[in-house]
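What follows is a short report on a single structure.
Note on naming: letters A, B, ... go to the chains in the order of the sequence lines (proteins, then strands), and numbering restarts at 1 for each one. Because only heavy atoms are used, hydrogens play no part in the values below, and waters and symmetry mates are left out as well, while side chains stay in. It should be emphasised that the depicted structure is a prediction, and the values quoted were computed from it without experimental measurement.
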Amino acid sequence: MKEEEEQQQRWRWWEEEKYKDGIKWKYLEHKGPVFAPPYDPLPPNVKFYYDGKPFPLSLQAEEVASFFAKMLDHEYTTKDIFRNNFITDWRKEMTLEERMVISELAKCDFTEMFTYYKGIMEERKNRTKEDKLKLKEENEKLMQEFGFCIMDHHREKIGNFRIEPPGLFRGRGDHPKQGMVKKRILPEDIIINCSQDSKIPKPPTGHKWKEVRHDGSVSWLASWTENVKGSVKYIMLNANSKLKGEKDWEKYEVARKLKFHIHHIRKTYCENFKSKEMKVRQRAVALYFIDKLALRAGNEKEEGETADTVGCCSLRVEHIKLHPELDGEKHVVEFDFLGKDCIRYYNKVPVEKQVFKNVKLFMEGKQEGDDLFDRLSTPLLNKHLQLLMEGLTAKVFRTYNASITLQDQLQELTDPNDGVPTKILSYNRANRAVAVLCNHQRAPPKTFDQSMANIKTKIDARKEQIELAKKELKEAKKEAKEKDSEKLKKVVEMKRRAVQRAEEQLMRLEVQATDKEENKQIALSTSKLNYLDPRISVAWCKKWDVGLEKIYNKTLRDKFAWAVHMTDTDFTF
DNA sequence: TGACGGACTTGTGTGGACTTGG
DNA sequence: CCAAGTCCACACAAGTCCGTCA
């Protein structure tokens, strides 16, 4: 409750005016990032072996070896690409002498190091309560000093104030760069962004910043270029900040605006299915998929630099199968491709006849590896969308369709007569419909079967308990009827309550089991965090008197404080 | 128009904190 | 009170989209 109060106390940025012309802030002061702790060398008794013999390593080579040693029980270290990239990068860190000897990873023995680090982890886990408390306090102190900034007179929380420590790059799926060494970032790599009239952060002693700039048109406080992909990384504010919140609010407003244009847009792209211009037809069909299936835009990617994943515009012929008829349905398109994060998208969808014919046409004369939409790119698509509605891009359709689906599903599934637990089940089901639409999948948790079985056992036990309680109630009633006494009446009442309580518990368990089962392979958190207009959820909670904390955890309530504050029961998306 | 980099959002996995039930 | 299970915050990877430059 205390936190809720704190939240109420928080500055209501949404009641203030925004800056114009791309200005993000006028005053920004912070302490700079926190760097990764320096490498802690191995004790002399822990050895690395090459070709069966102990082989002492230079400090630099040892540090990189430790990255691999710590991961020995991870699947990554069995993959060829990972191993090859690692040994190549590792050898770059070696001295000439080391490089002369160490050439084959298969001859490297890291097991002593692995065991050593395992032991340290174990020790860490078994720390005493006092130690844990002390660490927590130290962390808190660091957070208070480096975890906040002053932006235009307000103290704002920073999202990530720690620089990423060095290690091995863990790309997802078949990433060609997995296993490469992520180098240690030094102050000399860091660009600091703050206002000129602020207290400029001091670099650690003996070091200098790469650059200090004062750019109020961007939101980041510090940045550096990472060595594996050469991309820029940033220190930015927490999701509950004004800067992030305003942007998020704006996103949902753009999505809401689409509601007024969607009818016309859909009509237009259906007309364009018959366009004489191939480019227009392809654009229309792609847009149809983006709208109907909530596919991502699908930017072009540099070949060989990333895993082979696609979105709508980058679909290739091998990702599509056409079924004139399938399971009693006509014009079925079968999608099978790897999307963002190498998550598989598999779906069989009956489509408009015109779409089906078009896709067939687009595929004619093409072979594996060819683009389905060879005349289309995301910039082209977005340029077109911009003309249809200001601020419209491909990803707005995902936000729009996710939010409108939640709203419709809540309307459909919520039964006013239900109790709170069942209403929450309805909410989760509505949320689930969105997650399915957006293909937010997850691997079933490793403990899933076990914990499912546990719930079933509990349910059975409850049922038995109810039987017993009912029997006792019956007997108590019978006794009370025979001998009319106050004491017996009380007993009957007690037994009645016991039955009721047990039945309520049973119902709660059954709802829990259903929810869990339906959620086995589906992740709700992503859509909740990124796609669902929080005002829909807040309004629903207020309308049905469901505590917001049943739907949103503290982080979400904090992030969506603006929505919590401004939304009433009558909000419609 | 096409490559490219920069800025920002979206996404999953994970370790540790927190909760719960025996 | 402890172990097991669950949940959350965080780390950081991987997208989208825009502006610039040739």
Side-chain angles (χ1 to χ4, degrees), chain A residues 22 24 36 74 76 121 124-125 127 132 135-136 139 143 147 157-165 167 169-173 175 177-178 182 191 193 215 217-220 223 225-226 228-234 236-239 243-244 247-248 250-251 290 296-302 305-307 309-314 338-343 377-383 385-386 391-399 402 435 438-443 445-448 450-452 454-455 457-458 461 512 516 523-531 552-556 558-559:
Chain A
K24 301 276 165 81
H74 201 291
Y76 271 121
M121 291 289 273
R124 199 173 287 178
K125 254 186 227 161
R127 277 183 294 225
K132 277 186 186 167
L135 247 106
K136 207 175 167 181
N139 243 322
M143 165 87 110
K157 200 170 172 199
I158 299 170
N160 56 324
F161 59 90
R162 283 169 217 271
I163 299 287
E164 294 173 15
F169 176 70
R170 293 149 97 122
R172 312 237 162 103
H175 200 295
K177 300 200 168 188
Q178 62 184 155
K182 264 174 60 169
I191 303 173
N193 193 28
D215 184 354
S217 73
V218 294
S219 69
W220 53 268
S223 73
T225 303
E226 153 267 6
V228 174
K229 289 161 293 170
S231 59
V232 188
K233 299 248 178 175
Y234 303 92
M236 287 186 189
L237 295 188
N238 184 272
L243 231 45
K244 293 283 185 188
K247 210 64 193 302
D248 211 36
E250 204 180 291
K251 174 182 81 183
I290 284 171
R296 295 185 191 83
N299 282 319
E300 247 173 61
K301 308 203 295 177
E302 222 176 321
E305 296 291 298
T306 61
T309 63
V310 297
C312 185
C313 294
S314 49
L338 295 182
K340 181 173 177 181
D341 289 308
C342 290
I343 301 291
S377 65
T378 50
L380 229 57
L381 177 64
N382 281 333
K383 211 169 276 175
L385 293 175
Q386 200 62 236
L392 187 62
T393 61
K395 84 187 186 76
V396 178
F397 284 86
R398 242 167 111 80
T399 313
C438 294
N439 199 38
H440 290 142
Q441 297 184 14
R442 62 164 186 181
K446 278 169 199 144
T447 54
F448 185 87
Q450 184 56 54
S451 60
M452 203 64 210
N454 288 348
I455 292 185
T457 318
K458 275 189 213 162
Q512 200 190 337
K516 201 183 187 77
L524 300 184
S525 56
T526 309
S527 49
K528 220 182 238 183
L529 195 63
N530 299 306
Y531 288 104
Y552 282 167
N553 64 34
K554 191 177 156 287
T555 314
L556 286 168
D558 215 19
K559 167 172 174 165

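Backbone-only engagement by Gln441(A) is indicated by non-hydrogen atom pairs under 4.0 Å involving sugar-phosphate atoms exclusively.
What separates OH of Tyr234(A) from P of dA14(C) is a distance of 17 Å, to the nearest Å. With rounding to whole Å, Asn382(A) atom CG is found 12 Å from dG19(C) atom P. When rounded to the nearest whole Å, the span between CZ of Arg170(A) and C1' of dT12(B) equals 13 Å. In this structure, the CG atom of Asp341(A) is 13 Å from the C1' atom of dA11(C), given to the nearest Å. Atom-to-atom, CD of Glu302(A) to C1' of dG15(C) comes out at 15 Å; the value is rounded to the nearest Å. Counting to the nearest Å, the C1' atom of dT9(B) and the CZ atom of Arg296(A) are 11 Å from each other. Taking atom CG of residue Asn238(A) and atom P of nucleotide dC8(B), one finds them 16 Å apart after rounding to whole Å. Following rounding to the nearest Å, Asn553(A) (CG) and dA17(B) (P) show an atom-to-atom distance of 17 Å.
Note on Lys233(A): every side-chain N or O is 4.0 Å or more away from OP1 and OP2 of dG6(B). Listed pair Thr378(A) / dT16(C) fails the phosphate criterion, with no side-chain N or O lying under 4.0 Å from OP1 or OP2. Look at Thr306(A) and you won't find any side-chain N or O under 4.0 angstrom from OP1 or OP2 of dA14(C). The side chain of Lys177(A) places no N or O atom within less than 4.0 Å of a non-bridging phosphate oxygen (OP1 or OP2) of dA13(C). Close to dC8(B), at under 4.0 Å from its OP1 or OP2, lies a side-chain N or O of Lys24(A). The phosphate of dT16(C) (OP1 or OP2) has a side-chain N or O of Asn299(A) nearer than 4.0 angstrom. OP1 or OP2 of dA13(C) has at least one side-chain nitrogen or oxygen of Lys182(A) nearer than 4.0 Å. Between dT14(B) and His74(A), a contact under 4.0 Å exists linking OP1 or OP2 to a side-chain N or O. Phosphate contact (OP1/OP2 of dT10(B), side-chain N/O of His440(A), threshold under 4.0 Å): absent. Not one side-chain nitrogen or oxygen of Lys251(A) sits closer than 4.0 Å to the OP1 or OP2 atom of dT9(B). Taking only side-chain nitrogens and oxygens, Thr309(A) comes nearer than 4.0 Å to OP1 or OP2 of dG15(C). Remark: Thr393(A) is in phosphate contact with dC17(C), judged by side-chain N or O atoms under 4.0 Å from OP1 or OP2.
Minimum interatomic distance between Leu524(A) and Ala435(A) (heavy atoms only, all atoms of both residues): CD2-CB, 4.1 Å. Nearest heavy-atom pair across Cys342(A) and Leu338(A) is O-CD2, 3.7 Å. Tyr531(A) approaches Arg398(A) most closely through the heavy-atom pair OH-NE, 2.9 Å.
Each of Lys395(A) and Leu556(A) was assigned the nucleotide of DNA chain C with the nearest heavy atom; the assignment lying further toward the 5' end belongs to Leu556(A). A residue-by-residue look at Lys301(A) and Lys157(A) shows that Lys157(A) has its nearest nucleotide of DNA chain C further toward the 5' end. Between Arg398(A) and Lys136(A), the one whose closest nucleotide on DNA chain B sits nearer the 5' end is Arg398(A). Between Glu300(A) and Trp220(A), the residue anchored closer to the 5' end of DNA chain B is Glu300(A), taking for each the nucleotide with the nearest heavy atom.
Remark: Gln386(A) CD is packed, more than 12 non-hydrogen atoms of other residues, nucleotides or ligands lying under 6.0 Å away.
Rounding to the nearest 0.5 angstrom, the gap separating the NZ atom in Lys395(A) from the CZ atom in Arg296(A) is 11.5 Å.
A donor and an acceptor atom sit less than 3.5 Å apart, one in the side chain of Lys340(A) and one in the base of dT10(B).
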Verify salt bridge (charged side-chain N to carboxylate O under 4.0 Å, His left out) between Lys182(A) and Glu226(A), making sure each step is shown before the conclusion. CA-CA 7 Å; Lys182(A) 264 174 60 169; Glu226(A) 153 267 6; over 6 Å; no
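Minimum atom distance to the side chain of Gln386(A) is reached by dC18(C), of the listed dC18(C), dG11(B), dG15(C).
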